[in-house]
Amino acid sequence: MSNDPFELYDEPEFEPAPAAPSAPPPWLNGLNPEQAAAVTTTEGPLLVLSGAGTGKTRVLTTRLAYILHQGLARPWEVLAVTFTNRAAKEMRERLGAMIGPVSEQVWLGTFHALGLKMLRRHCDLVGLRSGFSILDTDDQNRVLKGLMELAHIDTKKSPPNLVMAVIQKWKDRGWTPDAVPPHEVGDIADGKALVLYAAYQKRLIEVNACDFGDLLLHVLAIFQAEPGILEEYQRRFRYILVDEYQDTNVSQYLWLRLLARQHRNICCVGDDDQSIYSWRGAEVGNILRFEHDFPGANIVRLERNYRSTPAILGAASGLIRHNATRLGKDLRAAGALADEAGDKVTIHGVWDGEAEARWVLDTAESLQRKGERLSNMAILVRAGFQTREFEERLITTGTPYRMIGGLRFYERAEIRDAIAYLRLLSQPDDDLAFERIINLPKRGLGDASLQVLHLASRAQGMSLLNAARSVLDTDELKPRARNSLRTFVEDIDRWATLRTTMAPSELLATVLDESGYLAMWKADKAPEAPGRVENLQELVSALEDYTDVQEFLEHIALVMENESRAGVEDAITLMTLHAAKGLEFDHVFLPGWEEQVFPHRRALEGGTGALEEERRLAYVGLTRARRRAFITYAGSRRVFNQWQSNPKSRFVDEIPAEFKEEDGEMGLTAGSRGFSESYSTWSGGWAGSGAKDTGWERRKQQEKASMNWQVAKREPSKSGFVTGDRVFHQKFGYGAVTAVEADKLQITFDKAGQKKVMAGFVKRADEV
DNA sequence: TATTTTGGTCTTTTT
DNA sequence: GACCAAAATA
């Protein structure tokens with residue numbers, strides 16, 4: 001095995017690798033001609049336009065393995081970039097399966113993880129000291145808010161998170177504060193956004209921290225300032241692979257372009273139809289411009305879809321054809337499912353969000369009874385808030401599920417507090433961490449004390465922790481506060497010493513115990529307190545896998561792995577459409593296809609570009625399905641505490657008729673138009689209305705029956721309201737009935753406005 | 001100072 | 001209905 005092509009050398013000193021005379025490796029078998037071309041066209045720039053389900057990941061990993069196997073480069077001379085940790089992990093695993101442990105030497109990871117890897121080596125060049133913290137969104141907003149208050153900018157009028165969004169956007173475009181074009185500075189924050197940006201960057205350096213955008217921005221600055229360093233990387237990376245290229249933003253693009261300049265062996269895989277991150281600064285333009293930026297680029301199109309039935313593909317293709325700006329690409333069914341036509345996409349209307357959840361889960365259950373596994377099903381929603389109704393229903397029906405996204409373990413308050421303790425121990429300059437925990441648990445060090453510390457820190461140009469030390473020798477604080485602060489500082493110092501000798505998990509356990517933080521939650525009688533204690537214990541055990549606190553901190557900052565309910569068993573998946581990209585399921589439920597919800601209101605305000613992105617999102621949703629897709633829309637829906645009635649999504653109509661099946665059932669469409677009118681509007685718009693017997697009547701009866709049953713349970717046999725009755729509702733208060741439909745009432749409430757309410761939920765005003 | 005109460009805003013989508 | 005910030009209260 002001395003001729004092992006993967007033999008490692010520590011130094012990147014290399015002579016051109018010998019061409020491998022060996023037989024073609026086994027994993028090349030089974031690739032179709034386009035895929036094979038994408039794998040073996042190793043030299044020069046290559047753009048792979050890869051539609052949904054065309055084997056993109058397989059091509060990427062095989063290409064990587066091929067390059068290494070052919071001896072074209074050694075593992076650490078290959079850079080493979082993904083967007084999500086999940087994609088990186090998957091690629092790492094599949095690569096490992098093909099070529100073994102040597103795959104670990106490849107520079108493979110998300111843009112941010114790789115940026116961090118580079119930044120860590122040269123951080124002093126941008127003013128950061130080793131061990132710098134990486135801030136999350138919450139920390140970012142906190143810093144900015146502080147700066148805005150200092151500059152006397154009204155944080156009510158210009159919410160920090162909006163200002164932050166502007167700054168973020170500039171960062172995505174690769175602009176440092178001095179590079180932001182003047183005309184880009186809007187009037188947000190009294191036109192001081194740019195000043196704030198500069199102050200923000202300065203502040204981050206002071207507290208030895210950076211944010212996500214900086215992971216790339218700083219590296220770009222280093223490349224610019226130190227051409228030698230850039231050259232080193234340029235020489236090193238003989239091959240570069242980029243996943244989800246359509247989602248790159250400008251700074252990522254610049255980073256790639258700089259790195260690829262020398263060898264020009266850059267392979268980007270992407271699908272313009274799946275570009276759904278423009279709000280995060282992604283530029284579809286990057287993919288459209290590829291040939292221009294890399295002259296002589298080869299282009300390979302992957303259009304054979306191995307995932308879905310022709311019906312699903314027909315629906316998805318028909319939908320996406322409504323977008324004007326596309327590179328143009330048509331998916332053909334080619335997999336095992338290509339020969340069966342497949343079931344049409346089911347379109348189903350319901351009364352409201354609750355009925356929607358009920359219908360979806362009933363359908364899932366009946367599929368399950370036919371032998372389908374829950375793990376082959378997914379509910380994909382447009383926005384996070386939609387998950388609530390489904391979660392409630394999942395819990396009441398006892399259906400096992402896992403939720404991706406949603407509340408993340410590491411974003412919970414108690415976890416962030418605990419982490420702040422660790423951060424302060426390993427990073428004494430971390431004022432954010434200091435501020436977070438100074439009075440947690442209560443130490444009698446509130447705003448007043450903190451104010452003193454801030455003054456001292458600013459006056460002497462030192463961190464809050466050091467300012468605290470200096471203040472101890474003065475009488476700026478009242479004796480009680482001073483003693484309390486002394487204890488705190490001494491504790492911190494003691495724990496910081498322990499850090500060098502103790503295992504991380506043990507250290508955290510000690511800190512949580514001795515600080516009284518854990519005791520604080522144990523004593524708390526709030527219903528969620530026991531859960532928090534549990535979470536903290538979980539965090540302690542999570543730390544057992546680490547030998548170094550710093551490493552752990554970086555891991556959670558970047559990976560932020562979601563805790564999916566540790567159910568190994570069969571469970572249905574619930575997540576947003578964005579989170580679903582790259583996944584596939586036999587059966588996919590797509591709820592909430594109503595105007596204003598999907599397409600989202602903000603997108604509708606944002607012009608055609610935004611609308612097209614919504615359509616791509618719909619396309620992504622449909623193409624997740626291997627066999628069946630179920631689209632639902634609700635007659636009305638509660639958004640914030642407000643009832644909304646929206647017509648069904650235009651995207652439903654854009655799906656070609658031959659690939660969809662609208663089953664017509666629909667509760668009532670309430671709204672300003674009133675019941676009867678919208679009712680007729682709806683049946684009038686019923687395509688192919690010869691089929692009044694399609695079970696609609698029957699199902700309508702069922703729906704009514706189930707509702708009656710609910711009413712009966714809450715409020716025995718009471719209906720008989722008429723238009724004009726004064727009523728009282730537990731939540732909405734007093735109002736007048738404006739329409740009646742069986743046991744459903746439309747009521748105009750004095751305060752809450754017009755709502756649709758079941759009769760069982762209201763009482764006559766005079767009976768209250 | 002700490003705790004409770006109220007009132008106002010909010011929700012796209014994520015590394 | 002949830003979360004945060006300011007106001008009211010102990």
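Below, read A as the first sequence line, B as the second, and so on, with proteins coming before strands; counting in each chain starts at 1.
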Listed nucleotide nearest any side-chain atom of [X], set [options]:
X       : options                   : answer
R388(A) : dA5(C), dA2(C), dT14(B)   : dA2(C)
T576(A) : dT14(B), dT11(B), dT15(B) : dT14(B)
S449(A) : dT15(B), dA2(B), dT1(B)   : dT1(B)
F212(A) : dT15(B), dT14(B), dT11(B) : dT15(B)
K442(A) : dT15(B), dT14(B), dT3(B)  : dT3(B)

Using atom [atom1] of [X] as one end and atom [atom2] of [N] as the other, report the distance to the nearest whole Å.
X       : N       : atom1 : atom2 : result
L108(A) : dT15(B) : CG    : C1'   : 16 Å
N141(A) : dC10(B) : CG    : P     : 13 Å
F385(A) : dA2(C)  : CZ    : C1'   : 14 Å
L445(A) : dT1(B)  : CG    : C1'   : 11 Å
M575(A) : dT14(B) : CE    : P     : 11 Å
Q140(A) : dT15(B) : CD    : C1'   : 11 Å
D138(A) : dT14(B) : CG    : P     : 17 Å
L119(A) : dT15(B) : CG    : C1'   : 15 Å

Distance below 4.0 Å between K581(A) side-chain N/O and dT13(B) OP1 or OP2: no

Side-chain H-bond candidate by donor/acceptor type, N646(A) with E595(A), under 3.5 Å: no

More than 12 heavy atoms from other groups under 6.0 Å of NZ on K117(A): yes

Atom of Q252(A), atom of D247(A) and distance for their closest heavy-atom approach: OE1-O, 3.9 Å

Test: R280(A) cationic atom under 6.0 Å from Y277(A) six-membered ring centre, within 45° of axis: yes

Student check: side-chain heavy atoms of Y546(A) and H555(A) closer than 4.5 Å: yes

W279(A) aromatic ring stacked with six-membered ring of dT13(B), 5.5 Å and 30°: yes

dA6(C) versus dT11(B) - spacing of their C1' atoms, nearest Å: 23 Å

